[in-house]
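Starting off with a structure, shown below.
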Amino acid sequence: MSLQQFIEQLDELAQSARQSFMGAGDSEELESARVEYLGAKNGRLKTVQKQLGSIERDDKPLAGKKLNEVKQEIQSSFDEASERLVSGPARTERDLRIDATLPGPSQNIGRLHPITQTIDELRDIMGRLGFSPAEGPEIEDDWHNFKALNIPDIHPARDPLDNFYLATAKNTAPALGDNPLLMRTQTSTVQIRVMEKRQPPIRIISLGRVYRPDTADATHFPMFHQMEGLMVDRGVNLSDLKTVIKLFATSYLGDEVPVRVRPSFFPFTEPSVEADYYWNGKWVEFGGAGVVDPNVLAAVGYDPDEVSGFAFGLGVERLCMIRYQITDIRYLYTNDVRFLRQF
Ligand code: FA5
């Protein structure tokens, strides 16, 4: 064998030994690779070494030197692979500059606002009860916000002090009866919009913002969210409503939170109720509901003798507050990242 061939064989052997050692997934695999290459009896290095005898006399010193170098190289590859299996991949220069025990820079990863998280959860729960989402505009007209909901012209709920009316082109206060525009004060507007377009059976929810010139305190804010629910079909009644409210409350609040439903009044439902949960030593109202008033069904062209329905409007902030134990609604809208990072 020529010196050249001998050297080439050794180089190939060193390379393939390194690949096998580094590719070993555990110590057993590494040991069998070691025996294959460095084994004292039939190892591949030994086999090449045996060919040293056939090298020209003058070339023998060089061939022997190369053999020793490759032997050491294969041994170091083995040591490196073995160290790697014990302590993980070799650390790079960059790794060595990192002190894993230091806190490191804070990761400003964004997250969903607690109200958005609550809305997603409410939509999920109601979806499981068979209610699909519907949408309506935030800028509404008098018809959808009041009139079709059986709220007459003289009703105090229309008072300009209780509503954000939009100025007319001439920037004058809107005259009653003009169907003026306003920021919707309730998501009940979506009930009308859906019933105007569709025929029963209807089972929808609508989640969105509403606006009222309320003074902000721990449980009130001038802009907040509501979840409207509406079910219309033949023979829907108050006990269906109570069942849905109870199912919703147990899914969302759990069994431990006491919930009560008490009689109330809304112009667009008869009978009407309000729902409260008990938290921190007091009852907190989280929504209004009732059996849809026949006048509302008639306003959208339904026959109240044929179909009936129930509706509810729940305050999303109030539901979010109990879920995340937030004691003041204003925290939700001060945009303080120290607060928002907690959710
Ligand atoms: C209504 O808005 C009715 N549309 C609800 C309804 C729908 C009744 C369908 C019958 C049938 P109310 O004004 O009570 O009702 O508001 C409903 C819920 O919104 C309240 O229970 C409360 O949880 C929440 N809410 C009311 N005002 C505020 C406010 N300023 N800030 C935060 N949440 C509020």
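One-based numbering, in listed order, for ligands and for the atoms of each. The structure presented is a predicted model; accordingly, all values stated were derived computationally and were not measured.
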query = What is the closest protein heavy atom to atom 17 (C) of ligand 1, and at what distance does it sit?
reply =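 Scanning the protein heavy atoms, the shortest distance from atom 17 (C) of ligand 1 goes to Gln226 NE2, 3.4 Å.
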**Request:** Check whether the side chains of Gln186 and Gln226 place a donor and an acceptor atom closer than 3.5 Å, and report yes or no.
**Result:**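 No, no side-chain donor-acceptor contact under 3.5 Å.
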> Who's the nearest protein heavy-atom neighbour of atom 4 (N) of ligand 1, and how far?
Replying inline: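 Protein heavy atom with the smallest distance to atom 4 (N) of ligand 1: Gln186 OE1, 2.7 Å.
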Note to self: Assess, by modelled atom type and distance only, whether the side chains of Asp79 and Gln75 contain a donor and an acceptor separated by less than 3.5 Å.
What the structure shows: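 A donor-acceptor contact under 3.5 Å links the two side chains.
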Inset, instruction - Considering only NZ, NE, NH1 and NH2 on the basic side and carboxylate oxygens on the acidic side, decide whether Asp162 and Arg212 come within less than 4.0 Å. - result: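 Not counted as a salt bridge, because no side-chain N and carboxylate O are separated by less than 4.0 Å.
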| query | Salt bridge between Glu31 and Arg34, side-chain N to carboxylate O under 4.0 Å? | reply |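 Answer for the salt bridge query: yes.
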Where is the nearest protein heavy atom to atom 30 (N) of ligand 1: which residue, which atom, and how far?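 For atom 30 (N) of ligand 1, the nearest protein heavy atom comes out as Asp214 OD2, 2.8 Å.
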Which label fits Tyr277 and Trp279: parallel for a plane angle under 30°, tilted from 30 to 60°, or perpendicular past 60°?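 Ring orientation, 0 to 90° scale: perpendicular.
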Gly287 neighbourhood, listing ligand 1 atoms whose heavy-atom distance to it stays under 4.0 Å:
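Counting from 1, the qualifying ligand atoms are 21 (O).
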Quiz prompt | Minimum non-hydrogen distance to atom 2 (O) of ligand 1, winning option of Arg184, Glu228, Arg212 | solution =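 Comparing heavy atoms across Arg184, Glu228, Arg212, the nearest one to atom 2 (O) of ligand 1 lies in Arg212.
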Self-check item: Cationic N near anionic O, under 4.0 Å, Asp142 to Lys147
Solution: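 Salt bridge between Asp142 and Lys147, a charged N being under 4.0 Å from a carboxylate O: no.
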Looking at Arg323 and Glu121, does any basic side-chain N land under 4.0 Å from a carboxylate oxygen?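 Answer for the salt bridge query: yes.
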**Prompt:** What part of Phe312, side chain, backbone, both or neither, has a heavy atom within less than 4.0 angstrom of ligand 1?
**Reply:**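 Backbone only; the side chain of Phe312 stays clear of ligand 1.
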| field | Test item: side-chain donor near acceptor, Glu138 and Tyr211, under 3.5 Å | value |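 Their side chains do contain a donor-acceptor pair, which is all the 3.5 Å distance test asks for.
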Next on the checklist: Counting non-hydrogen protein atoms only, what is the nearest one to atom 31 (N) of ligand 1? Give residue, atom name and distance.
Outcome noted: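 Heavy-atom neighbour on the protein nearest atom 31 (N) of ligand 1: Phe221 N, 3.0 Å.
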Q.
Looking only at distances, can you tell me whether any N or O atom of Thr269, backbone or side chain, sits closer than 3.5 Å to an N or O atom of ligand 1?
A.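 Min N/O separation from ligand 1 is not below 3.5 Å for Thr269.
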Heavy-atom gap Ser188 to ligand 1 smaller than 4.0 Å: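 Yes; Ser188 lies near enough to ligand 1 that a heavy-atom distance drops under 4.0 Å.
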Problem - Distance from atom 22 (C) of ligand 1 to nearest protein heavy atom, with residue and atom - result: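 Minimum-distance protein heavy atom for atom 22 (C) of ligand 1 reads Arg318 NH1, 3.5 Å.
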Donor on one side chain, acceptor on other, Asn145 and Thr185, under 3.5 Å =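 A pair is found: one side chain offers a donor N or O, the other an acceptor, under 3.5 Å apart.
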**Message:** What I want to know is whether Phe266 and ligand 1 share at least one N or O pair that is separated by under 3.5 angstrom.
**Reply:**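 There is no such contact.
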#### Entry: For atom 14 (O) of ligand 1, closest protein heavy-atom neighbour
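The protein heavy atom lying closest is Glu285 OE2, 3.3 Å.
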message = Check for me whether Thr219 has a heavy atom closer than 4.0 Å to any atom of ligand 1.
response =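 Checking ligand 1 against Thr219, which is what was asked, there is a heavy-atom contact under 4.0 Å.
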Side chain, backbone, both or neither: which applies to Phe224 and ligand 1 if a contact is any heavy-atom pair less than 4.0 Å apart?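 Within the 4.0 Å criterion, Phe224 contacts ligand 1 through side-chain atoms alone.
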Shortest protein contact, atom 7 (C) of ligand 1 (heavy atom only) =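 Residue, atom and distance for the closest contact: Gly313 N, 3.2 Å.
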Point to revise | For atom 6 (C) of ligand 1, closest protein heavy-atom neighbour | key: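 Closest protein heavy atom to atom 6 (C) of ligand 1: Gly288 O, 3.5 Å.
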- Do the charged groups of Arg193 and Glu140 touch, with an N to O distance under 4.0 Å?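 Yes.
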In plain terms, say whether Asp233 and Arg203 are close enough for a salt bridge, that is, a side-chain N and a carboxylate O under 4.0 Å apart.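 So Asp233 does not pair with Arg203 through a salt bridge.
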Atoms of ligand 1, numbered as shown, that sit under 4.0 Å from any heavy atom of Gly315 |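 Selected atoms, number and element: 18 (C), 19 (O), 23 (O), 24 (C).
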>> So is Phe310 touching ligand 1 or not, going by heavy atoms under 4.0 Å?
In response: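 It does not; every heavy atom stays at 4.0 Å or beyond.
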Should Glu317 be listed as contacting ligand 1, given a heavy-atom distance under 4.0 Å as the test?
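Glu317 does not count as a contact of ligand 1 under the 4.0 Å cut-off.
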### Message
Any salt bridge linking Glu80 with Arg84? Criterion: basic side-chain nitrogen under 4.0 Å from a carboxylate oxygen.
### Response
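Salt bridge: no.
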**Prompt:** For Gln191, is at least one N or O under 3.5 Å away from an N or O on ligand 1?
**Reply:**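 N/O-N/O distance under 3.5 Å: no.
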| said: Is it true that Ser239 and Asn237 share a donor-acceptor pair across their side chains at a distance under 3.5 Å? | reply: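 On atom types as modelled, these side chains qualify, holding a pair under 3.5 Å.
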**Prompt:** If you count the atoms of ligand 1 from 1 in the order shown, which ones are under 4.0 Å from a heavy atom of Ile329?
**Reply:**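 Counting from 1, the qualifying ligand atoms are 32 (C).
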